[in-house]
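Here's the structure, in structure tokens; my notes come after.
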There are 2 protein chains.
Amino acid sequence: MKDPIGGTSRVGSKGRNLEDLRRQNLSTVLSLVHANRSMTRADLTHATGLNRSTVATIVTELESLDLVTVSQPVDTKRVGRPSTVIGPSPRHIAVAVHPDKDAIAIGVVAMGGRVLREFRFDVEHAPSAVHTVNTLHALVRGLELSDGGTVLGIGIGVPGLVGARDGVVRVAPHLDWRDEPLVDMVASATGLPTWAANDATCAVVAEGQFGQGVDEENVVYLNGGAGGIGGGVIVGGQLLSGENGYSGELGHMLVNSDGGLCHCGAIGCLETEVNRDDLLGVVGLGDAEANLLEQRLRDAYGTDQDVTELVDRQLTYLGVAMRNIVNIFNPGVIVLGGFLGALRNATDARLQDDVERSALAGPASEVRIVSSTLEDNVLIGAGELVFRTILRDPTSASTGIMPGAERVAAG
Amino acid sequence: MKDPIGGTSRVGSKGRNLEDLRRQNLSTVLSLVHANRSMTRADLTHATGLNRSTVATIVTELESLDLVTVSQPVDTKRVGRPSTVIGPSPRHIAVAVHPDKDAIAIGVVAMGGRVLREFRFDVEHAPSAVHTVNTLHALVRGLELSDGGTVLGIGIGVPGLVGARDGVVRVAPHLDWRDEPLVDMVASATGLPTWAANDATCAVVAEGQFGQGVDEENVVYLNGGAGGIGGGVIVGGQLLSGENGYSGELGHMLVNSDGGLCHCGAIGCLETEVNRDDLLGVVGLGDAEANLLEQRLRDAYGTDQDVTELVDRQLTYLGVAMRNIVNIFNPGVIVLGGFLGALRNATDARLQDDVERSALAGPASEVRIVSSTLEDNVLIGAGELVFRTILRDPTSASTGIMPGAERVAAG
DNA sequence: CGATTTTGTTGTAATTCCAGTCTAAATCGC
DNA sequence: GCGATTTAGACTGGAATTACAACAAAATCG
């Protein structure tokens with residue numbers, strides 16, 4: 001738009017009308033029910049600050065949209081009339097997918113972050129995009145036959161760079177994917193609206209909503225997987241996605257100028273210096289026994305010299321990354337997943353001490369460093385990608401699903 | 001709050017009422033006028049998507065709050081009735097302060113990001129907090145006598161870590177400040193509401209609003225100053241402030257494992273490896289001649305061996321930092337200020353090439369690397385800290401200023 | 001100089017949230 | 001066991017905000 005007076009004017013945020021107001025309140029209430037899994041209507045009144053009668057009409061509308069269930073009050077042993085219980089409806093579900101090096105995981109996720117069913121399809125070699133799509137497609141067809149609810153859409157967590165706007169997987173090194181138009185492929189095959197994002201990004205969304213990041217505004221998630229280290233960040237309660245959804249690649253931060261060559265082409269990246277295979281090797285575990293890593297490390301650390309040296313070296317470099325993260329983001333909590341969580345747990349407070357000593361005193365003083373305890377955080381987060389639309393605008397649920405009409409990607 | 005059914009419930013975002021709706025629309029309109037410096041009422045109608053009559057009532061209310069001025073239409077040579085021009089009122093002003101190693105800069109800033117007057121008080125040694133407060137206090141008393149408008153408050157950009165909640169300067173190394181309750185000091189002395197933040201944070205706010213970051217959602221600002229390197233980040237259109245306002249300390253990122261010891265205690269920080277004094281020294285300039293640096297570097301780079309070596313080394317390390325930044329934030333633009341801007345300009349596209357080669361292909365492909373051209377970006381940004389309150393809630397202007405009543409800090 | 005285009009102004013309608021009143025359903029205290 | 005107290009749901013009327021439509025005003029166009 002041209003401004004005849006002051007040059008080019010900027011199109012700012014839009015104005016709001018009464019419809020937006022109602023939409024926002026519907027969204028607030030539904031999001032609360034989603035986040036808390038279950039609340040009484042009185043709780044909602046207090047949490048929102050809205051009038052009782054307003055909450056009543058909003059809940060009624062959400063109920064008529066089949067988004068919440070209203071059930072009888074439960075025995076609270078408190079004075080006064082008991083309040084009706086509002087829960088997320090199990091009718092609207094999302095299908096979450098996590099293709100990885102060794103398996104394709106697919107989950108059926110309901111609102112409230114509940115994984116209703118989970119499937120794991122092991123693969124010998126990293127699955128291709130087509131393989132992933134076919135597996136998913138087959139499962140979705142089966143689900144539709146068995147009924148059980150409305151599939152709102154499909155959310156995919158990919159170990160690689162995913163374009164936020166186009167849903168194209170720019171590169172997924174450990175799957176050997178390049179420029180795969182994943183969202184379009186899935187949407188065409190299944191006819192369902194589809195979203196995709198980096199898997200660690202999905203994980204941090206789940207951690208922020210249901211895991212270690214609950215009640216936190218600033219959360220950094222670092223995942224140590226088979227292939228490498230991924231990152232996801234929430235700042236000010238909002239997901240950090242960047243210009244194209246590529247942000248949060250914390251695994252490719254310099255931690256050692258004299259380090260090895262990373263597959264990304266750079267030297268001394270975090271994921272080159274800190275990796276799972278070396279740890280598994282030194283304690284004599286195979287790829288499939290990664291779940292035993294924490295115990296083995298705890299047993300050998302401090303007694304076995306090879307293990308101690310390796311762990312110390314990796315902790316040092318992990319500490320450098322975390323120092324940077326603390327200085328850059330000033331987060332309230334850093335959540336470690338995968339083998340990074342094992343590394344932390346096996347060495348007690350060492351990482352925390354490290355960071356408090358090396359980072360700037362201000363941001364270092366209040367950061368909590370914890371390990372993830374939320375199972376399936378990638379699947380839950382991928383489900384959140386799907387639910388996000390309906391949480392933002394609950395009235396969109398009424399429009400029904402137009403197969404293939406919507407193909408969206410999210411970072 | 002306890003949830004009798006599902007454990008502890010979370011207090012989510014509040015519900016909205018009609019008052020909030022109106023507040024939000026007032027805010028939207030005022031923010032547009034502020035950002036564009038001047039718009040017609042018809043422009044506002046298009047930009048907001050609101051009805052003409054609604055915009056009319058909103059503008060009338062803003063005018064009665066003395067926040068905007070309504071003036072006669074100007075000759076646009078376009079068909080149709082010309083629209084009235086709405087501009088930010090010059091009556092509400094902010095006093096912006098930037099204490100630094102060599103001087104205390106103070107500006108009188110009006111809405112629309114206009115620096116009405118600017119003062120510079122040179123100092124021999126880094127000024128103390130008390131010195132800064134006294135200088136500011138004296139100037140504010142003078143301003144009040146000369147009238148000219150309502151001083152909404154005071155915004156301070158500090159080269160150091162500033163607590164977002166308490167307004168305490170945790171540490172400002174180059175000023176030799178530690179745990180100075182700056183906001184409280186200034187608020188008590190002047191009786192005016194006061195905000196403080198890191199100076200690079202102020203700068204990125206200004207760049208995002210009026211400088212190189214206009215129309216960008218993801219902006220990283222890196223400033224090379226006399227003391228060191230500061231950073232500020234905008235993600236998704238929002239200022240990155242972190243848990244306590246300490247975020248954005250990009251100067252303390254590891255760029256060289258074999259580097260020097262930084263005053264922060266760590267090894268090989270960006271601000272240790274890339275610094276102004278070395279550059280000034282190699283081209284034979286004094287501290288006060290920093291403004292000549294760019295030309296000198298351009299002349300000597302590629303011809304003088306010492307200069308070329310030093311510049312190449314600093315570019316390499318700056319490139320490492322920018323690689324990290326690109327991988328972490330996936331920004332649309334990186335703005336370089338101070339001597340970093342000079343370094344970039346003197347070496348043409350080298351930095352851009354460097355980053356495109358070393359960062360991940362996805363985020364690297366679309367980032368612009370530019371130098372700041374906005375004079376006084378710290379002062380303008382410090383002013384924004386003050387205006388932010390009134391931009392968010394224009395009705396708060398009517399309450400008038402209660403001396404000493406409000407003491408707030410912003411990250 | 002009238003036709004066209006665009007914008008300001010005004011009164012009405014629709015929608016939303018709130019406040020107050022009455023009713024329902026639990027616990028508390030005797 | 002039963003009334004008092006407490007808390008929440010249901011309902012109705014009122015205030016505020018935006019949208020809409022019709023008309024007036026002020027420019028350009030032909």
Side-chain angles (χ1 to χ4, degrees), chain A residues 1-5 9 13-29 39-64 68 70-86 393-395, chain B residues 1-5 9 13-29 39-64 68 70-86 393-395:
Chain A
M1 178 179 33
K2 282 289 289 183
D3 173 3
I5 290 123
S9 79
S13 48
K14 290 250 180 76
R16 304 287 161 123
N17 56 26
L18 289 168
E19 202 181 320
D20 296 319
L21 180 63
R22 170 47 81 83
R23 197 192 341 267
Q24 200 164 348
N25 282 336
L26 285 168
S27 168
T28 301
V29 169
M39 292 176 84
T40 67
R41 219 172 75 177
D43 285 338
L44 287 169
T45 303
H46 288 128
T48 58
L50 295 169
N51 191 278
R52 272 185 299 184
S53 41
T54 306
V55 173
T57 60
I58 287 173
V59 167
T60 305
E61 187 168 346
L62 288 175
E63 191 186 9
S64 76
V68 300
V70 179
S71 43
Q72 289 307 307
V74 295
D75 214 4
T76 61
K77 306 288 180 202
R78 291 201 311 182
V79 191
R81 178 176 178 175
S83 184
T84 50
V85 176
I86 316 296
D393 179 10
T395 58
Chain B
M1 177 177 37
K2 281 289 287 182
D3 172 0
I5 289 120
S9 80
S13 49
K14 290 246 180 79
R16 305 286 159 117
N17 58 24
L18 288 168
E19 202 182 322
D20 297 318
L21 179 63
R22 169 48 80 88
R23 194 187 350 259
Q24 199 164 349
N25 283 335
L26 286 167
S27 167
T28 301
V29 169
M39 290 176 86
T40 67
R41 218 172 76 179
D43 285 338
L44 287 169
T45 304
H46 289 129
T48 58
L50 296 169
N51 192 277
R52 273 183 300 185
S53 48
T54 308
V55 172
T57 62
I58 287 173
V59 167
T60 305
E61 186 166 346
L62 288 175
E63 190 186 8
S64 77
V68 298
V70 178
S71 44
Q72 289 306 306
V74 294
D75 214 4
T76 61
K77 306 288 181 201
R78 291 202 311 183
V79 192
R81 179 176 177 171
S83 185
T84 51
V85 175
I86 315 296
D393 180 10
T395 57

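For the numbers below, each heavy atom of this structure counts, side chains included, while hydrogens, waters and symmetry mates do not. Just so it is clear, the structure is predicted and the values come from calculations on it, not from any experiment.
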Where do N or O atoms of nucleotides 2-4 of chain D meet protein N or O atoms at under 3.5 Å, pair by pair?
none

Query - Nearest-nucleotide pick for B/N25, side chain only, options being C/dA26, D/dT18, D/dA8 - result: D/dT18
**Report entry** Distance in Å, B/T28 OG1 paired with A/K14 NZ, rounded so as to fall on 0.5 Å steps
**Finding:** 11.5 Å
Query raised in the report: Can you check the A/R81 CZ to C/dT23 C1' distance for me, whole Å?
Result: 8 Å
Query raised in the report: So among B/I58, B/L50, B/V29, which one has a side chain to side chain contact (heavy atoms under 4.5 Å, CB included) with B/L44?
Result: B/V29
Report task. Under the side-chain hydrogen bond (donor to acceptor under 3.5 Å, both in side chains) rule, collect the residues that match up with B/S53, sequence neighbours excluded. Result -> B/N51
Query raised in the report: Of the candidate nucleotides D/dT18, D/dT28, D/dG9, which contains the atom at the shortest distance from the side chain of B/L50?
Result: D/dT18
Requested in this report: Between D/dT18, C/dC17, C/dT27, spot the one nearest the side chain of B/R22, thanks.
Outcome: D/dT18
Report summary line: So OG1 of B/T45 and CE of B/M39: to nearest 0.5 Å the spacing works out to 9.0 Å
Report task. Take B/E19 and B/P82, find for each the nucleotide of DNA chain D with the closest heavy atom, and name the residue whose nucleotide sits nearer the 5' end. Result -> B/E19
Query raised in the report: Roughly how many Å is it from CG in B/D43 to P in C/dT6, rounded to a whole number?
Result: 14 Å
Requested in this report: Hey, could you give me the CG/OG1 distance between B/L62 and B/T395, rounded to the nearest 0.5 Å?
Outcome: 10.0 Å
Report task. Can you tell me the distance, in whole Å, between the CG atom of A/L26 and the C1' atom of C/dT15? Result -> 13 Å
**Report entry** Gap separating the CG atom of A/D20 from the CG atom of B/L21, nearest 0.5 angstrom
**Finding:** 8.0 Å
Requested in this report: Return no unless some side-chain N or O of B/R41 is found under 4.0 Å from OP1 or OP2 of C/dG8.
Outcome: yes
**Report entry** Contact nearer the 5' end of DNA chain C, comparing A/G80 with A/L21
**Finding:** A/L21
Report task. To the nearest 0.5 angstrom, please state how far the CZ atom of B/R23 sits from the CG atom of B/N17. Result -> 7.5 Å
Query - salt bridge (Lys or Arg N to Asp or Glu O under 4.0 Å): pairs with one or both residues in residues 46-64 of chain B, sequence neighbours excluded - result: B/R22-B/E61
Query - Value in whole Å for how far the P atom of C/dC18 lies from CG of B/N17 - result: 5 Å
Report task. Kindly point out which of C/dA25, C/dG8, C/dC17 is positioned nearest to the side chain of B/L18? Result -> C/dC17
Requested in this report: Provide, to the nearest angstrom, the distance between the CG atom belonging to A/D20 and the C1' atom belonging to C/dC17.
Outcome: 15 Å
Requested in this report: Evaluate the side-chain proximity of A/T57 to A/T60: yes if any heavy-atom separation is below 4.5 Å, no if none is.
Outcome: no
Requested in this report: Return the value, rounded to whole Å, for the distance between atom CZ of B/R23 and atom P of D/dA16.
Outcome: 15 Å
Report task. Go through residues 51-59 of chain A and report each residue with a non-hydrogen atom lying under 4.0 Å from DNA chain D, sorted by number. Result -> A/R52, A/S53
Query raised in the report: Out of D/dT28, C/dA24, C/dC17, which has the shortest distance to the side chain of B/V79?
Result: D/dT28
Query raised in the report: With respect to the phosphate group of D/dA8, does any side-chain polar atom (N or O) of A/T84 fall under 4.0 Å of OP1 or OP2?
Result: no
Report task. Determine the minimum heavy-atom distance between A/P73 and A/P82, stating which atoms define it. Result -> CB-CB, 3.6 Å
Query raised in the report: How long is the line joining NE2 of B/H46 and C1' of C/dT6, in whole Å?
Result: 9 Å
Report summary line: note: A/D75, atom CG; C/dA26, atom P; distance rounded to Å ~ 8 Å
